[in-house]
Amino acid sequence: MKEHHRKRILVTGGAGFLGSHLCERLVAQGHDVLCVDNFYTGTKDNIAHLLDCANFELMRHDVTFPLYVEVDEIYNLACPASPIHYQHDPVQTTKTSVHGAINMLGLAKRVKARIFQASTSEVYGDARVHPQKEDYWGHVNPLGPRACYDEGKRCAETLFMDYRRQHGLSIKIARIFNTYGPRMHPSDGRVISNFMMQALAGKPVTIYGDGSQTRSFCYVDDMIDAFIRLMNSPEEVTGPMNLGNPHELSMLAIARKIIESTGSSSEVMFEPLPMDDPCHRQPDITFAQNTLGWQPATGLDDGLKRTGDYFRRLTQAAAARAKLPSMA
Ligand code: NAD
Ligand code: UDP
Ligand code: UDP
């Protein structure tokens, strides 16, 4: 890469699912990548293959504390994303979204860096408008168990808009819809990882509620493509912008697909629906299509196959480790 195209890029939450794919892509493009993570949900395994690259650097740091580095761009992804992870320590989740955003915005202001925020479709809550467009203000329970995440992310969006209005920062807000693929945490409780692990083990696939609730799943490679396009879009494009795959499915349908794609003989089993679980979710991506010339390219069958291969390798490696003789 020519020196003047090469940027110093900070990725917070870079050892997580999406962050590790983003670091990988930016390193491959020849940028200098600084991955910052406190390993709350992310792992060193996710970025182990990058550690030998001269243009990759890893720093253990919690974004709720100030960070003084010199960079040209910041992707702010640090935050647990799955309900069981973000509800484990809800106060820390809000701190990560709000204090983390303030610190990263303060950093961006000092070094005049462009900054990208990984926001979420959860800002729409249990939406009363379907599909969701960016101008919908949402329907979030501010007191329930999901609020630490939803309201934290909503407040982060407010901070991003105010740092732009007040300090002229260059900002990009992505509202990310459910994304899946290799390096999802196998026990994060999210629907794709749960169903995959259960199907591969031949255990019952746990459907919460009657399985009629819907989500729209985007394959990780498509999502990373959109992140980079949004970051590189013209200055006046700030978002918020919906990023996701509009292909909407019920949880019952996704369970059947995963059982089929893994060749499993698992049955489905019904469990209670968690509180405030949104009924339907589907992005309207017209804004992203028109502005970034982007739309998802990976079909569900292909994406599920690649994800299944990853989880299969993971379970085989764990089984092989379990067979090793004890060192004691
Ligand atoms: P993830 O849990 O795999 O990754 C989050 C990363 O942030 C982890 O590596 C974790 O250790 C790190 N982290 C958490 N708190 C931190 C802190 N205080 N300081 C430093 N690092 C911290 O989740 P993901 O799926 O990769 O999500 C990445 C981002 O995208 C999150 O901000 C999430 O809210 C957003 N998002 C993801 C999805 C999705 O479907 N994956 C959907 C909407 C939004
Ligand atoms: N900050 C940081 N790195 C920097 C600059 C600022 O982490 O390089 C943090 C610092 O904790 C500060 C916050 O960002 O409190 C917000 O910065 P800002 O300049 O907006 O406000 P102030 O410094 O007045 O609090
Ligand atoms: N879900 C399910 N079984 C599981 C895990 C999740 O039926 O084992 C449901 C969950 O209730 C929700 C949907 O799948 O309706 C998506 O859940 P996930 O946690 O993946 O994402 P989110 O609710 O944050 O969109």
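Counting starts at 1 for both ligands and their atoms, in listed order.
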A.B. asks: Using 4.0 Å as the upper bound for N to carboxylate O, is an ion pair formed by Glu24 and Arg183?
C.D. replies: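 Yes.
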A.B. asks: Tell me whether Thr158 contacts the main-chain N or O of Arg154 through its side chain, where contact means a donor paired with an acceptor under 3.5 Å.
C.D. replies: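 Yes, because the side chain of Thr158 sits within donor-acceptor range (under 3.5 Å) of the backbone of Arg154.
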A.B. asks: Against heavy atoms of Ile207, which atoms of ligand 3 measure under 4.0 Å?
C.D. replies: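 The atoms of ligand 3 under 4.0 Å from a heavy atom of Ile207 are 7 (O).
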A.B. asks: Is the NZ or CZ atom of Lys44 both under 6.0 Å from the centre of the six-membered ring of Phe39 and within 45° of that ring's axis?
C.D. replies: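 Ring-cation test returns yes.
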A.B. asks: Find all atoms of ligand 3 within a distance of less than 4.0 Å from any non-hydrogen atom belonging to Asn194, and give their numbers and elements.
C.D. replies: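 Answer for ligand 3: 4 (C), 5 (C), 8 (O).
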A.B. asks: Mind checking whether Tyr163 has a heavy atom under 4.0 Å from ligand 2?
C.D. replies: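 Distance cut 4.0 Å: Tyr163 passes for ligand 2.
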A.B. asks: Determine the interplanar angle of the Phe116 and Phe227 rings, folded into 0 to 90°, and report it as parallel if under 30°, tilted if 30 to 60°, perpendicular if over 60°.
C.D. replies: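 Judged by the thresholds at 30° and 60°, the geometry between Phe116 and Phe227 is tilted.
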A.B. asks: Closer than 4.0 angstrom, basic N to acidic O: yes or no for Arg146 and Glu151?
C.D. replies: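 Salt bridge: no.
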A.B. asks: What is the nearest protein non-hydrogen atom to atom 20 (O) of ligand 3, stated with its residue, atom name and distance?
C.D. replies: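 It is Val191 N, 2.8 Å.
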A.B. asks: For atom 25 (O) of ligand 2, decide whether some protein heavy-atom distance is shorter than 4.0 Å.
C.D. replies: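 It does not: no protein heavy atom is found less than 4.0 Å away from atom 25 (O) of ligand 2.
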A.B. asks: Show the distances, to 0.1 Å, for all pairs joining an N/O atom of ligand 1 and a protein N/O atom that are shorter than 3.5 Å, listing one pair per line.
C.D. replies:
{"from": "ligand 1", "atom 1": "2 (O)", "to": "Thr41", "atom 2": "OG1", "distance (Å)": "2.6"}
{"from": "ligand 1", "atom 1": "3 (O)", "to": "Phe17", "atom 2": "N", "distance (Å)": "2.9"}
{"from": "ligand 1", "atom 1": "7 (O)", "to": "Cys79", "atom 2": "N", "distance (Å)": "3.4"}
{"from": "ligand 1", "atom 1": "9 (O)", "to": "Gly16", "atom 2": "N", "distance (Å)": "3.0"}
{"from": "ligand 1", "atom 1": "9 (O)", "to": "Asp37", "atom 2": "OD1", "distance (Å)": "3.2"}
{"from": "ligand 1", "atom 1": "9 (O)", "to": "Asp37", "atom 2": "OD2", "distance (Å)": "2.5"}
{"from": "ligand 1", "atom 1": "9 (O)", "to": "Gly42", "atom 2": "N", "distance (Å)": "3.3"}
{"from": "ligand 1", "atom 1": "11 (O)", "to": "Asp37", "atom 2": "OD1", "distance (Å)": "2.6"}
{"from": "ligand 1", "atom 1": "11 (O)", "to": "Tyr40", "atom 2": "N", "distance (Å)": "2.9"}
{"from": "ligand 1", "atom 1": "11 (O)", "to": "Thr41", "atom 2": "N", "distance (Å)": "3.0"}
{"from": "ligand 1", "atom 1": "11 (O)", "to": "Gly42", "atom 2": "N", "distance (Å)": "3.0"}
{"from": "ligand 1", "atom 1": "13 (N)", "to": "Asn38", "atom 2": "OD1", "distance (Å)": "3.3"}
{"from": "ligand 1", "atom 1": "18 (N)", "to": "Asp62", "atom 2": "OD1", "distance (Å)": "2.9"}
{"from": "ligand 1", "atom 1": "18 (N)", "to": "Thr96", "atom 2": "OG1", "distance (Å)": "3.1"}
{"from": "ligand 1", "atom 1": "19 (N)", "to": "Val63", "atom 2": "N", "distance (Å)": "3.0"}
{"from": "ligand 1", "atom 1": "21 (N)", "to": "Asn38", "atom 2": "N", "distance (Å)": "3.3"}
{"from": "ligand 1", "atom 1": "21 (N)", "to": "Asn38", "atom 2": "OD1", "distance (Å)": "3.2"}
{"from": "ligand 1", "atom 1": "25 (O)", "to": "Arg190", "atom 2": "NH1", "distance (Å)": "3.3"}
{"from": "ligand 1", "atom 1": "25 (O)", "to": "Arg190", "atom 2": "NH2", "distance (Å)": "3.1"}
{"from": "ligand 1", "atom 1": "26 (O)", "to": "Phe17", "atom 2": "N", "distance (Å)": "3.3"}
{"from": "ligand 1", "atom 1": "26 (O)", "to": "Leu18", "atom 2": "N", "distance (Å)": "2.8"}
{"from": "ligand 1", "atom 1": "32 (O)", "to": "Leu77", "atom 2": "O", "distance (Å)": "2.8"}
{"from": "ligand 1", "atom 1": "32 (O)", "to": "Lys153", "atom 2": "NZ", "distance (Å)": "2.7"}
{"from": "ligand 1", "atom 1": "34 (O)", "to": "Tyr149", "atom 2": "OH", "distance (Å)": "2.6"}
{"from": "ligand 1", "atom 1": "34 (O)", "to": "Lys153", "atom 2": "NZ", "distance (Å)": "3.0"}
{"from": "ligand 1", "atom 1": "40 (O)", "to": "Thr179", "atom 2": "N", "distance (Å)": "2.9"}
{"from": "ligand 1", "atom 1": "41 (N)", "to": "Arg190", "atom 2": "NH1", "distance (Å)": "2.9"}

A.B. asks: Which of the atoms of ligand 2 are close to Ile102, meaning less than 4.0 Å from one of its heavy atoms?
C.D. replies: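 Counting from 1, the qualifying ligand atoms are 13 (C), 14 (O), 16 (C).
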A.B. asks: Could you tell me whether His167 approaches ligand 2 through its side chain, its backbone, both or neither, with non-hydrogen atoms closer than 4.0 Å?
C.D. replies: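 Contact part for His167 vs ligand 2: neither.
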A.B. asks: Hey, is Val111 touching ligand 2 through its side chain, its backbone, both or neither, going by heavy atoms under 4.0 Å?
C.D. replies: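 Contact part for Val111 vs ligand 2: neither.
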A.B. asks: Measure the CE-CG distance between Met223 and Asn245 for me, rounded to the nearest 0.5 Å.
C.D. replies: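 The distance works out to 8.5 Å.
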A.B. asks: Which class fits the ring pair Tyr124 and Tyr136: parallel under 30°, tilted 30 to 60°, perpendicular over 60°?
C.D. replies: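 Rings of Tyr124 and Tyr136: parallel, as their planes differ by under 30°.
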A.B. asks: Would you mind listing which atoms of ligand 3 come within a distance below 4.0 Å of any non-hydrogen atom of Asn178?
C.D. replies: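 Selected atoms, number and element: 21 (O), 22 (P), 25 (O).
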A.B. asks: Taking 4.0 angstrom as the limit and counting only heavy atoms of Arg146, give me the atoms of ligand 3 inside it, by number and element.
C.D. replies: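 Taking each heavy atom of Arg146 in turn, ligand 3 has 22 (P), 23 (O), 24 (O) under 4.0 Å.
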A.B. asks: Calculate, to the nearest 0.5 Å, the distance between atoms OG and CD belonging to Ser216 and Glu248 respectively.
C.D. replies: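 Nearest 0.5 Å value for the OG-CD distance: 5.0 Å.
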A.B. asks: Would you tell me which option among Gln198, Gln213, Arg215 has the nearest heavy-atom contact to atom 9 (C) of ligand 3?
C.D. replies: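 Ranked by closest heavy atom to atom 9 (C) of ligand 3, first place is Gln213.
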A.B. asks: Please check if atom CD in Gln289 has more than 12 non-hydrogen atoms from other residues, nucleotides or ligands closer than 6.0 Å.
C.D. replies: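 Counting other residues, nucleotides and ligands, CD of Gln289 exceeds 12 neighbours.
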A.B. asks: Where is the nearest protein heavy atom to atom 3 (N) of ligand 2: which residue, which atom, and how far?
C.D. replies: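 Going by distance alone, atom 3 (N) of ligand 2 is nearest to Leu67 O, 2.7 Å.
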A.B. asks: With heavy-atom distances below 4.0 Å as the criterion, list the atoms of ligand 3 near Gly189.
C.D. replies: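 Near Gly189, the atoms of ligand 3 are 5 (C).
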A.B. asks: What atoms of ligand 2 come within less than 4.0 Å of a heavy atom belonging to Pro66?
C.D. replies: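 Near Pro66, meaning under 4.0 Å from one of its heavy atoms, ligand 2 has 7 (O), 11 (O).
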A.B. asks: What do you reckon, does Pro83 put a non-hydrogen atom under 4.0 Å from ligand 3?
C.D. replies: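 Distance cut 4.0 Å: Pro83 passes for ligand 3.
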A.B. asks: Nearest non-hydrogen atom to atom 4 (C) of ligand 3 belongs to which of Tyr86, Tyr208, Tyr149?
C.D. replies: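 Considering heavy atoms of Tyr86, Tyr208, Tyr149, the nearest to atom 4 (C) of ligand 3 sits in Tyr208.
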A.B. asks: Return the residue, atom name and 0.1 Å-rounded distance of the protein heavy atom closest to atom 13 (C) of ligand 3.
C.D. replies: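 Sorting protein heavy atoms by distance from atom 13 (C) of ligand 3 puts Met251 SD, 3.7 Å first.
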A.B. asks: Would you mind reporting whether Thr93 and Pro80 have side-chain heavy atoms less than 4.5 Å apart?
C.D. replies: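 Pro80 vs Thr93: side chains touch.
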A.B. asks: Could you tell me whether Glu70 and Lys112 have a side-chain N and a carboxylate O separated by less than 4.0 Å?
C.D. replies: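 No.
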A.B. asks: Should His31 and His5 be marked as a ring pair (Phe, Tyr, Trp, His ring centres under 6.0 Å) after you check the CA-CA gap, both sets of side-chain angles, and the distance that decides it?
C.D. replies: CA-CA 8 Å; His31 296 294; His5 289 310; 8.9 Å; no
A.B. asks: Assign the ring pair His21 / Phe17 to parallel, tilted or perpendicular, where the plane angle (0 to 90°) is split at 30° and 60°.
C.D. replies: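 Judged by the thresholds at 30° and 60°, the geometry between His21 and Phe17 is perpendicular.
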A.B. asks: Assess Glu271 for proximity to ligand 3: is some non-hydrogen atom of it under 4.0 Å away?
C.D. replies: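 So Glu271 does not count as touching ligand 3.
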A.B. asks: Which ligand 3 atoms does Arg190 reach within 4.0 Å, using its non-hydrogen atoms?
C.D. replies: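 Counting from 1, the qualifying ligand atoms are 19 (O), 20 (O).
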A.B. asks: What I want to find out is whether Glu57 reaches Arg8 closely enough, with some N-O distance under 4.0 Å, to be called a salt bridge.
C.D. replies: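 Looking at Arg8 together with Glu57, the answer is no, because their closest N to O distance does not fall below 4.0 Å.
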A.B. asks: With heavy atoms under 4.0 Å as the rule, classify the contact between Thr206 and ligand 3 as side chain, backbone, both or neither.
C.D. replies: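 Contact part for Thr206 vs ligand 3: both backbone and side chain.
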